[in-house]
> 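Questions regarding the structure given below will be posed in turn.
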Amino acid sequence: MSVRMRLYSLIARPVIKDVGASTISRGSQEEAPVPARPPNCGGDAVDTDLRWESIFSQGKTICYRSGQPMLLKGSPKGNVLRVVEGWALATDPHPDGTRTFLELRGRGQLLGETSALSGELRNADVTAVCRTVVQVVGHERFLAGLGCNDVLVGMLLDAQQLHKTANVRAGLRRFGVASGLSRLLLDLARTAGVPLVAGIPQKVLADVLGVTPRTLYGAVAELGRRGAISTRWPVVHITDEVVLKELARSDA
């Protein structure tokens, strides 16, 4: 069995919508569990970064500006991207011009890895939410690096499990707005590795939750009144993680 088939048989069951495409724009359901790891604990993230460097350190670095397409749906397998800084928005475009939100991926997370493993066409668009820096390697280099490193395979498996419960995949829109926003902020802070979420506009957060910006504003104000967060857009600081987790578990 080839490296690709062996890895894909482990990682891609059930099939998870990919968030990659080989055409790179040149730039400068179960209820979601509340994240168990505190967002201000970055030790694991540092170890993960160092391990992925064995593959991505030999690649190139690309910087995308806010709103710039990064990856395109329908392209054949190609490069794999790793986010170094910023946020990438994955959506599923429809013929009528509308889009279905899929996921936000941030620091340390990969884009295009599923198609690299399966060899199938990409099935999502990815756009930079803010200034976003990525490391890029070809899919051959990515597969070769995984094939000789069981630790990285385990990390990729863990990442795929997290993606299954991330953002709207976990059904955030089934919760009250304050609860859904709390869950989302905890999820994003865990990705960032610090107790804040920076660079994501209010409109994007509103779209993620399926609400209007005005409704989001009310939820943000409620979280602020409870002392869970403080905001100076586009930065949201988590000031009381305990309260935020309580809100995430509520029906508010």
Side-chain angles (χ1 to χ4, degrees), residues 1-26 29-30 32 48-49 51-60 62 64 69-84 87-95 99-129 132 134-171 187 191:
M1 182 181 291
S2 68
V3 171
R4 175 185 288 126
M5 292 305 297
R6 180 173 70 85
L7 293 173
Y8 189 65
S9 66
L10 290 172
I11 295 169
R13 292 183 295 180
V15 175
I16 303 169
K17 186 172 281 291
D18 186 33
V19 289
S22 63
T23 302
I24 300 184
S25 303
R26 299 300 173 185
Q29 281 240 4
E30 294 177 0
T48 299
D49 290 343
R51 294 185 187 279
W52 279 123
E53 281 298 310
S54 65
I55 293 179
F56 287 92
S57 62
Q58 299 182 35
K60 57 186 174 182
I62 297 178
Y64 295 92
M70 298 171 66
L71 309 169
L72 303 174
K73 179 178 179 177
S75 298
K77 69 179 183 295
N79 294 304
V80 178
L81 284 62
R82 177 171 172 268
V83 180
V84 176
W87 297 94
L89 173 66
T91 59
D92 185 12
H94 303 298
R99 291 177 175 271
T100 299
F101 170 83
L102 297 175
E103 189 176 348
L104 282 164
R105 291 195 182 181
R107 187 198 55 78
Q109 295 183 317
L110 306 182
L111 302 166
E113 76 284 6
T114 304
S115 288
L117 292 166
S118 69
E120 298 175 353
L121 296 178
R122 312 300 188 174
N123 54 14
D125 285 354
V126 179
T127 305
V129 172
T132 301
V134 299
Q135 293 174 308
V136 183
V137 295
H139 67 275
E140 299 93 344
R141 168 62 186 161
F142 180 73
L143 292 173
L146 286 179
C148 62
N149 194 322
D150 289 341
V151 173
L152 288 180
V153 172
M155 287 166 51
L156 190 55
L157 287 168
D158 289 344
Q160 290 290 329
Q161 291 300 316
L162 285 176
H163 292 321
K164 291 178 185 179
T165 59
N167 300 279
V168 165
R169 293 183 195 280
D187 179 35
T191 298

> Rounded at 0.5 Å granularity, tell me how far CZ in R141 sits from CG in N79.
13.0 Å
> With the side chain counted from C-beta on, respond yes when F56 and V84 share a heavy-atom pair under 4.5 Å apart, and no when they do not.
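Contact flag for F56/V84 side chains = no.
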> At their closest point, which heavy atom of M70 faces which heavy atom of A88, and how far apart are they?
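Looks like SD-CB, 4.0 Å.
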> Let me confirm one number: the CD-CH2 distance from Q109 to W87, rounded to the nearest 0.5 Å.
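So the gap between those two atoms works out to 7.0 Å.
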> For the residue pair G106 and V83, what are the closest heavy atoms and their distance?
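What the structure gives for the nearest pair is O-CB, 3.3 Å.
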> Taking side-chain contact (heavy atoms from CB on, under 4.5 Å) as the criterion, tell me which of L71, L89, T91 meets it with D125.
T91
> Minimum heavy-atom separation for L72 and R122, please, with both atom names.
O-CB, 3.7 Å
> Apply side-chain contact (heavy atoms from CB on, under 4.5 Å) to T127 and Y64, showing your working.
CA-CA 9 Å; T127 305; Y64 295 92; over 6 Å; no
> Does the side chain of D92 come within less than 4.5 Å of N123's, by heavy atoms?
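They are not in contact (no side-chain heavy atoms under 4.5 Å apart), so the answer is no.
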> Working to the nearest 0.5 angstrom, can you tell me the gap between R99 CZ and K73 NZ?
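So the gap between those two atoms works out to 9.5 Å.
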> Closest heavy-atom contact between V80 and A116?
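Scanning both residues, the minimum pair turns out to be CG2-CB, 3.7 Å.
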> With a 4.5 Å limit on heavy-atom distance, are the side chains of V126 and P69 in contact?
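No, every pair of side-chain atoms sits at 4.5 Å or beyond.
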> Roughly how far, to the nearest 0.5 Å, is the CZ atom of R82 from the CD atom of E113?
12.5 Å
> Side chains of T191 and R105: does their closest heavy-atom pair fall under 4.5 Å?
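Answer no - side chains too far apart.
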> Yes or no on side-chain contact (heavy atoms from CB on, under 4.5 Å) for V137 and Q58, after CA distance, side-chain angles and deciding distance?
CA-CA 7 Å; V137 295; Q58 299 182 35; 5.7 Å; no
